Structures are given as structure tokens and as C-alpha cells.
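Data block below; observations after.
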Amino acid sequence: MSLSILIFFAVLFVLVYLLRAFKIGALAAFLIAGVLSGPYVLNLFELTETWTFLGDIGILFLWFNIGLGINMTRLWRLRRTIFGFGAAQVLMVVIMLLPMLYYFSSWPLLGCVMVSMLLAMSSTSADMQLLIDRNQLNTDVGSQTFSILLFQDLLAIPLLAMLPVLSGSSFSLGAVAIDVVVISIALVLSVIVLGRFVMTPLLRLVSKSKSKEAFLLVVMLNIVLWAVLLDLMGLPAGLGAFLAGMLMSETIYSHQITAGISPYATLFLALFFISIGLSLNVPVLIENWVMVAIGVIALVVLKFIALYIVARVRGVESPKATMISLLLAQGGEFALLMLQTMKNNGIEAIPVWHKEILTAVIIISIMVTPLLLCIYDHLHRHSKLFSKYKKNMIGQPENNIIPEVIVCGFGRVGQIICQMLDAEKIPYVAIDLDVSSVMMGRAQGFNVVYGDATNRDVLSDFGLQARKTRAVVVAMDNATTARKAIVMIKTIAPRVAIFARARTLADSQILLQEKINAATPETIESSFFLGYSVLDYLGVSDTDISELLDDMRADNYAALSTVISDKQD
């Protein structure tokens with residue numbers, strides 16, 4: 001067993017390294033490692049109950065992560081972009097794909113509808129990584145792609161609602177439509193109600209213990225609880241995990257949950273795709289390699305045409321429309337997850353061996369995407385494609401503002417600072433590592449970009465210059481990260497004015513050691529603002545209040561240092 005594990009990890013390392021060299025993500029490496037380690041190649045492992053169990057755990061957490069990314073408030077804010085471009089893209093693919101599937105296959109109509117909608121979805125993880133690697137996340141191409149991917153995530157709700165319908169033997173279009181709508185509405189309403197009145201109080205109670213372990217265990221218990229409940233109701237366990245994610249996305253703790261779960265995300269992803277690789281019937285795929293190849297070509301070409309038509313109708317220029325179409329022309333991990341969920345729950349909307357062929361088609365299409373982009377780049381670079389357009393226009397940010405102020409961090413504090421700068425028409429750029437916050441901020445008109453504000457190249461690329469940048473605002477939540485950013489800022493622009501946000505007085509003192517202009521502890525300043533209102537109401541003059549606050553702020557709040565506690569109420 002130990003030798004088998006050693007060989008397995010060696011194979012996995014080589015695959016990840018080689019595929020990464022070709023800018024192909026680890027997703028394909030995990031699946032290929034499962035295939036190579038399975039009974040048909042190296043025979044290191046068999047698909048035992050242990051591997052099946054680990055794969056099921058991976059499925060639950062993958063469903064949870066998808067649900068966690070669907071926040072109703074965010075979706076409502078971006079509804080025009082998401083439901084415009086995203087919905088049109090999915091509808092166009094389904095319209096083009098559904099007749100072909102129904103004509104060339106022996107599947108029932110409902111199975112064809114399900115598969116056409118699954119194939120309309122793209123790989124969120126692969127596409128986002130490609131945009132980041134190509135430095136295009138902050139461009140118009142990145143913004144449009146992100147909106148489409150958000151709609152595809154939202155499409156998970158009706159697709160999951162179709163699973164109980166697919167498990168039935170009879171088919172009535174009207175009954176199916178009613179069932180899907182009712183289940184989808186029930187999911188959304190339960191998320192809003194339970195998220196607000198159950199999950200938020202529970203997480204607040206646990207967070208008071210300040211135990212990361214307890215917080216993480218509550219999250220995991222919530223996933224398993226909902227999975228078991230829906231399984232007992234005769235519904236797929238994955239639907240329960242998805243519901244658990246949506247519930248937690250509606251709480252104020254969603255960012256902390258994401259941060260807590262993220263270290264395990266790769267592990268869960270690996271378990272799921274390795275189990276798929278172990279379960280694939282390699283002889284069947286080899287025997288039907290022509291069908292797999294035709295499927296890959298047909299999927300990529302059809303989705304490219306559909307996406308390109310929709311993009312051009314929406315007024316997107318040809319180079320950008322081509323780039324968006326190439327990025328999204330592959331299948332996605334959501335389709336793989338749905339196929340595996342259907343298989344595990346005995347839902348036979350399509351034959352089992354057809355599911356394996358579809359799995360191979362989707363994986364290969366994901367692997368082909370970076371190669372297609374390389375070909376596109378080569379043709380565009382050598383003026384053989386879209387030569388009348390500027391060669392660098394696709395990779396340029398939408399807004400080439402020369403900033404007077406750099407805002408590091410686009411959380412609640414950073415957003416308020418940016419609103420104030422906008423109001424005074426002061427050019428700025430905000431930098432943040434949260435992809436969702438960046439894309440939604442851009443959709444609302446903020447000049448925010450994706451990047452690591454502790455990285456010298458990122459700061460320089462987005463406008464930080466000695467003697468030209470007037471000020472930098474460090475609005476990061478973590479004092480250690482904020483200090484790293486300040487050190488890096490000073491290496492580029494030693495004399496620039498730096499204003500930092502600190503959560504507590506202790507954090508403020510740490511940041512002030514770097515000789516910055518100000519490090520404002522928000523807990524104390526919010527107390528001052530509240531105290532000002534109280535004293536003003538009680539009749540104390542503005543002059544007396546101002547003098548009192550000046551005295552309390554003197555020497556970095558020296559008068560408060562012996563009485564202020566950093567305890568968060």
C-alpha cells in the first residue's frame with residue numbers, strides 16, 4: 001500500500017507540473033492521475049468503498065462551495081449584466097445544442113434538456129485562473145466573462161431542482177416546469193429566511209467563543225446536516241450541501257467561511273476528480289475514441305459560435321468577442337459534478353456509458369482551451385487576425401486613469417474611501433484580491449482592479465510612482481498584511497503620504513512603527529463619533545467636544561492606552 005501511495009503522488013506531481021507548464025489547471029491532473037492509478041492502467045487502486053466515500057465527501061463540499069458563491073444581494077446588484085449576457089449565452093447554446101442531441105441520440109427529451117444546459121456551462125475555476133495568468137481579469141473581457149460565469153452558477157438552482165424530476169419515470173412538460181419552479185422558489189425563500197433568522201444567530205453565538213476550530217466544525221456540521229436531511233427526504237444529498245452553502249452566503253460571516261474552507265478546497269477537488277478518474281471505464285472510452293473526439297470538436301465549435309453571436313449582438317468588438325468565446329467554449333466542472341451526482345443517485349436520464357463519454361469530452365475541452373488561446377495569441381501577435389485593431393487593446397484595463405491616490409483593499413472601508421474620492425473627482429485606483437468584490441465594484445463604476453497590494457510589480461503596474469502619487473490608503477483588515485503593503489509601498493515611493501486603517505489601538509501602534517502619516521483605529525474613532533453625538537445632545541459646545549477629542553487623540557491615543565481593551569463587542 002505504501003509503495004502504491006508513493007507512486008500515486010509521484011504521478012500526480014509530474015502531471016500537475018507538466019500541465020501547469022502548458023497553463024492547464026490541476027483539475028485535469030487529478031482526473032488523469034485517477035485514470036492512471038485505476039484498474040485499467042497501473043492498477044494501484046480500485047474504486048473501493050473508501051474511495052467512493054471520499055469522492056462523496058468531495059462532492060458535498062464542491063456543492064457547498066458553489067452554493068456559497070451565490071449571494072442573492074450581489075446577484076441583484078449585477079442583475080442587468082448577469083441576466084443579459086449570461087442568460088443570452090446559455091439560451092443560445094441550448095437552442096443550438098438541444099435539437100442536435102435529440103436528433104442524434106436516443107435520450108428522452110428531459111435528458112436532452114438537462115445535458116444541453118449542463119454543456120452550456122463553462123469551467124469557472126479554469127477560466128478565472130486563465131484570466132489571472134493572462135492579466136486580463138481587470139479588462140472588459142474579464143468583466144464580461146465573470147458576469148457570464150455568475151449566471152451559470154445561478155443556473156445551478158433550477159438544474160438541481162430537476163434532479164428529483166429526472167428520477168421519476170413519467171414525463172409531462174407542464175408538470176416538470178411546475179416542479180422545477182416550485183422547488184427553485186422554495187430553495188431561494190428557505191435560504192433568505194433560514195439564513196437571516198437561524199444561521200446568522202448561530203454563527204454569531206459560535207464566533208463569540210473565538211475558536212476557529214469550533215467555527216469550522218459548525219460549518220461542516222451544517223453541510224452534513226442538510227445533506228442528510230435532504231437524503232432522508234429522497235432528494236440528492238448534493239442539493240442539501242448546495243443549500244447549506246447558499247444559507248451561509250446570506251450571513252455576514254460568508255467571507256470568514258470562505259477563508260476557513262479555502263485551505264481544504266484543493267483537497268476536496270482532488271478527491272472528487274480522482275474518484276471520477278478511478279471510475280472511468282477506459283476500455284469503453286478507447287473503443288469510442290472517435291465519438292469522444294467528435295464530441296469535443298462539436299462542443300467547442302458550437303459554444304464558440306453561440307457565444308460569438310451573442311457577444312456581437314451586444315456590441316462587443318470582434319477581438320474581445322473572440323476572446324470571450326474561446327474562454328467559455330469548454331465544458332465545466334459543474335457538469336461533471338451533476339453527472340456524478342446523477343450516477344450516485346441512480347438517476348438514468350441518459351445511459352451510464354454515455355455519461356462516461358460526456359465526462360471525457362468535458363475534461364478534454366477544458367484542457368484544449370489554453371492551447372486555443374495560445375493559437376489565437378500567435379495569430380493576433382503576427383497580424384494574421386484582427387490586424388486593424390491595436391495589438392494590446394484586449395489586455396488593457398477598461399479605465400486607464402493615472403491615479404493620484406492608491407487604495408489598498410476594497411472592503412467596507414475601502415469602498416467608502418473610494419466613494420469619497422469619486423465625489424471629489426480625485427483619480428484613484430483600488431486594489432484587492434477578492435475576485436467577487438473586484439468584479440462587482442467595477443460593475444458599479446468603481447475603478448477597482450484585481451491584484452496583490454503587497455507585490456511590488458502590482459503596485460507599480462497600477463500607478464504607484466514616486467513624486468507622482470499623492471497618497472496611499474491602506475484599508476486592509478489584517479494588520480500583518482497591511483504592514484507588508486506599507487513596507488512595499490515605501491520601497492517604491494518613500495515619501496508618499498500613507499494613511500492606514502486599523503481595527504484596534506494595538507494594530508494602530510504596530511502600523512505607526514512604519515512612520516506613516518496616520519493609522520486610525522476604527523473601533524475608537526467610531527466610539528468618538530458616537531460620543532460626540534451624545535455630548536452634543538446633552539448641550540456641550542462644539543468647541544469643548546473638539547478640544548476633548550483632540551486631547552484623547554494626542555500622542556496616538558495615549559490617554560486611552562491604559563483603559564482601552566481590544567475586545568470586540
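Keep in mind it's a predicted model, so treat the numbers as computed, not measured.
Remark: side-chain polar atoms of Ser122 are not paired, donor with acceptor, to backbone N or O of Gly332 under 3.5 angstrom. Although no hydrogens or angles enter the test, the distance criterion places no donor-acceptor pair under 3.5 Å between the side chain of Lys320 and the main chain of Gln144. Panel note: side chain Gln89, backbone Ala120; a donor-acceptor pair is recorded below 3.5 Å.
Residue Gly331 comes nearest to Leu299 through the heavy atom pair N-CD2, 4.0 Å, listed as atom of the first residue, atom of the second, then distance. Across every non-hydrogen atom of Leu12 and Ala33, the tightest pair is CD1-CB, 3.7 Å.
Ser123 meets the side-chain hydrogen bond (donor to acceptor under 3.5 Å, both in side chains) test with Glu333; sequence neighbours excluded. Checked against side-chain hydrogen bond (donor to acceptor under 3.5 Å, both in side chains), Asp432 has no partners two or more places apart in sequence or in another chain. Partners of Asn43 under the side-chain hydrogen bond (donor to acceptor under 3.5 Å, both in side chains) rule, at least two apart in sequence or in another chain, do not exist in this structure. Legend: residues meeting side chain to side chain contact (heavy atoms under 4.5 Å, CB included) with Leu216, ordered by chain and number and at least two apart, are Met220, Ile261, Tyr264. Taking the ring-ring contact (aromatic ring centres under 6.0 Å, His included) definition, one finds that Phe410 meets it with Phe446, sequence neighbours left out. Residues passing the side-chain hydrogen bond (donor to acceptor under 3.5 Å, both in side chains) test with Asp452, sequence neighbours excluded: Thr454. Partners of Ile309 according to the side chain to side chain contact (heavy atoms under 4.5 Å, CB included) rule, which considers only residues two or more places apart in sequence or in another chain, are Met92, Ile305, Val313.
No side-chain donor from either of Glu356 and Asn288 sits under 3.5 Å from a side-chain acceptor of the other. In summary, the side chains of Ser318 and Tyr308 do present a donor paired with an acceptor at a separation below 3.5 Å, with no hydrogens or angles considered.
Within the structure, every pair that satisfies the salt bridge (charged side-chain N to carboxylate O under 4.0 Å, His left out) test and touches residues 370-380, not counting sequence neighbours, is listed here: Arg134-Asp377. Listed by first and then second residue, the ring pair (Phe, Tyr, Trp, His ring centres under 6.0 Å) pairs involving residues 314-357 are Trp63-Phe334, Trp107-His354 (not counting sequence neighbours). Listed by first and then second residue, the salt bridge (charged side-chain N to carboxylate O under 4.0 Å, His left out) pairs that reach into residues 99-113 come to none, sequence neighbours excluded. The salt bridge (charged side-chain N to carboxylate O under 4.0 Å, His left out) pairs that include a residue from residues 91-102 number zero, where partners must be two or more places apart or lie in different chains. Here ring pair (Phe, Tyr, Trp, His ring centres under 6.0 Å) pairs that include residues 120-140, with residues two or more places apart or in two chains, number zero.
Side-chain contact between Ile148 and Ile324 is present, with at least one heavy-atom pair separated by less than 4.5 Å. Side chains of Tyr376 and Pro319 form a contact here, defined as non-hydrogen atoms less than 4.5 Å apart.
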